[in-house]
Amino acid sequence: MKTDNSSPIIPLNFSSRNSLLSANSELIAHLQDRLKAKRFRPQEGDNTKLAYMRVYLQAIQVQNSILKDTELDEIKNEIEELKEALKSQSKR
């Protein structure tokens with residue numbers, strides 16, 4: 001029974017889109033390494049590993065959605081501040 005205990009290096013800080021892209025790139029690279037062999041040989045634990053990868057990708061998607069919402073809120077706040085600044089300038 002051969003098991004592959006190696007895992008991609010996964011950054012633990014997902015506070016930016018770059019860190020999310022990096023984590024996703026590591027996962028893709030790991031999958032590509034596995035698939036580009038001349039002959040694919042299933043290994044014990046593949047099903048479990050794939051299930052964890054699916055959950056991991058869902059977590060990345062959720063984090064990306066949260067980051068997008070946060071960025072949109074920041075943009076909305078900036079727009080409101082600019083509107084207020086324009087209103088106060090036009091009153092002068």
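The first residue of the sequence shown is numbered 1, and numbering continues consecutively from there. It should be emphasised that the depicted structure is a prediction, and the values quoted were computed from it without experimental measurement.
To the nearest 0.5 Å, atom CG of residue Leu27 and atom OG of residue Ser22 are 11.5 Å apart. Atom CD of residue Glu78 and atom CG of residue Asp73 lie 11.5 Å apart, to the nearest 0.5 angstrom. How far CD of Glu80 is from CG of Asn77: 8.0 Å, rounded to the nearest 0.5 Å. For the atom pair Asn64 CG and Arg17 CZ, the distance stands at 4.5 Å (nearest 0.5 Å). Glu71 CD to Glu74 CD: the interatomic distance, rounded to the nearest 0.5 Å, is 7.0 Å.
Every residue two or more places apart in sequence or in another chain that forms a side-chain contact (heavy atoms from CB on, under 4.5 Å) with Asn24 is listed here: Ile28, Leu57. Scanning for side-chain contact (heavy atoms from CB on, under 4.5 Å) contacts around Asn18 gives Ser16, Leu21, with sequence neighbours left out.
Side chains of Leu20 and Gln61 form no contact here, defined as non-hydrogen atoms less than 4.5 Å apart.
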Show me the side-chain donor-acceptor pairs of residues 84-91 shorter than 3.5 Å, one per line, residues at least two apart or across chains.
residue	atom	partner	partner atom	Å
Ser88	OG	Glu84	O	3.3
Ser88	OG	Ala85	O	2.9
Ser90	OG	Leu86	O	3.3
Ser90	OG	Lys87	O	2.9

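Considering Arg34, Arg54, His30 in turn, His30 is the only one that fulfils the side-chain contact (heavy atoms from CB on, under 4.5 Å) rule with Lys49.
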